[in-house]
Number of protein chains: 2
Amino acid sequence: MEYSSRKEQIFKAAAKLFRKKGYEASTMRELAKMLGIEAASLYSHIKSKDELLETICFRMADELLRAIDEVNDLYFNAEEKLATAIKNHIKIITGDMDSSTVFLRDWRRLQEPRKSDFIKLRNKYEFGFTQILINGENENVFKAHDKKFAVLTILSAVNWVTEWYNPNGSMTPDEISEHLYKFITSGLEVKPVM
Amino acid sequence: MEYSSRKEQIFKAAAKLFRKKGYEASTMRELAKMLGIEAASLYSHIKSKDELLETICFRMADELLRAIDEVNDLYFNAEEKLATAIKNHIKIITGDMDSSTVFLRDWRRLQEPRKSDFIKLRNKYEFGFTQILINGENENVFKAHDKKFAVLTILSAVNWVTEWYNPNGSMTPDEISEHLYKFITSGLEVKPVM
DNA sequence: TAGGTAACCTAACGATAGTTAGGCAAATTT
DNA sequence: AAATTTGCCTAACTATCGTTAGGTTACCTA
């Protein structure tokens, strides 16, 4: 179809509103106002407010999972894998800042059992990164005493981008990815040159 | 005084509740139930729900700022400064997980003009870290092409600890600080040995 | 052209939120 | 002992929330 359906428009507006105000602080009446309709009219298209949150969170999770699986399937070495995984991650979250902010910040408001499902997906994603580190250790290019710790730290760094990234700012997503990759692999320290 | 005042008990319970549910999703009736009183009784001690959030956020901000100022005042070299700043940060946030979670997650719900005040304090704290990096560059021990970027990444890593730290877990705050310092300065990469 | 459906509307329901008013009893102060 | 304060109570107000019911209009399709 040429244009996005009304339902898709609602999801998009919801992501934008939830990002700005947070899920709990956003009202259906505000969302409706963004779309130029009455709150009750939303229910011709969606089942509930929870459906909006679920859809936004799980779409994002699915997209990220697909990306990490693809990276781990392709036969790069660990360094390439990590660089690509970071690059994909940044591309995905900067590509839809509204959804990714909701995905990172408001998933806690999901109702059970969807919340548990979500956490499982997130753990799966984390494990995708863990595999890369294991890979890197075997290839003797990465060291990480505590891999779980390392993965969480890496993900915290890449996810923090949602807090400050500006599409009109000076850094492109790929530049951010490069910076992050360098930081994650080398850190701050000046290495002895000789 | 021997025991904490009723008002302090309320702040503490509020931090615990807000951490679990988030500020917006927490109700005064729930908070009252935790303390074994009626919701209306809370208002003998506090002015409003907003006061709870404000107090929790600003106390944390003040404590962190005091710590970074102290570090920058003491005449350590940049490496010592960074290590101590991280150690202090981790000690403070692991020392009060309830408050620090609220501080990191719910500050967005602060009302203006307190919200702007809060952001100013946070920027001041960030600048404390920036100064350490500048220091380190002058001493030729740290490199950071984009210092703002580096500081945000460092803080995202240290703040993420609130998401998984468990006082009864296997890592002590000081061990976490050491891990983080190593990661932040060296990253993952295996350095060429010779 | 008749029938159906998609997309909206107004009105309102029931639940729940933060907060206030006013009072009572125990503890503290004078 | 009298007076005041502290800490709680019950009851209720007002606002706002997500959502439903039922109706109207415009468009598409058979």
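Each chain gets a letter, A, B and so on, in the order the sequences are listed, and its residues count up from 1. For clarity, every value in this text was computed on a predicted model and none was experimentally measured. Side-chain atoms are counted along with the backbone in the values below, which use heavy atoms only and exclude waters and symmetry mates.
Nucleotide D:dT19 holds its C1' atom 14 Å from the CG atom of A:L31, rounded to whole Å. We find that CD of A:E30 is positioned 12 Å from P of D:dT16, with the value rounded to whole Å. A straight line from NZ of B:K49 to P of C:dT16 spans 15 Å, rounded to a whole angstrom. Separating the NZ atom of A:K7 from the P atom of C:dC8 is a distance of 14 Å, rounded to the nearest angstrom. Protein atom CD1 of A:I37 is 10 Å distant from nucleotide atom P of C:dA7, rounded to whole Å. To the nearest angstrom, C1' of C:dC9 lies 17 Å from NZ of A:K33. In this entry the distance linking NZ of B:K21 with P of C:dT16 reads 12 Å, nearest Å. One atom, CD of A:Q9, and another, C1' of C:dA7, lie 12 Å apart when rounded to the nearest Å.
Across the interface with DNA chain C, nearest-nucleotide mapping of A:E38 and A:R29 shows A:E38 to be the residue nearer the 5′ end. For the pair A:A25 and A:K47, nearest-nucleotide mapping onto DNA chain D gives the more 5' position to A:A25.
Although no hydrogens or angles enter the test, the distance criterion places a donor-acceptor pair under 3.5 Å between the side chain of B:E80 and the main chain of B:N77. One N or O on the side chain of A:K49 and one on the backbone of A:Y23 form a donor-acceptor pair closer than 3.5 Å.
Taking the six-membered ring where tryptophan is involved, the planes of A:H89 and A:F129 are perpendicular, since the angle between them exceeds 60° and thus also 30°.
Taking the side chain of B:A40 as heavy atoms from C-beta on, and the options C:dC8, D:dC8, D:dA11, the nearest nucleotide is D:dA11.
In terms of phosphate contacts, A:H45 brings no side-chain nitrogen or oxygen within less than 4.0 Å of OP1 or OP2 of C:dA6. At D:dC9, one or more side-chain N or O atoms of B:S41 fall inside 4.0 Å of OP1 or OP2 (strictly under the cut-off).
Side chains of A:S26 and A:E30: a donor-acceptor N/O pair is absent below 3.5 angstrom, by distance only. Looking only at atom types and distance, the side chain of B:Q9 has a donor-acceptor partner in the side chain of B:R6 under 3.5 Å away.
In this structure, A:T27 reaches the sugar-phosphate backbone alone: every heavy-atom distance under 4.0 Å involves primed, P, OP1 or OP2 atoms, never a base.
Looking at B:R6, its side chain has no donor and acceptor atom pair within 3.5 Å of the base of D:dG7.
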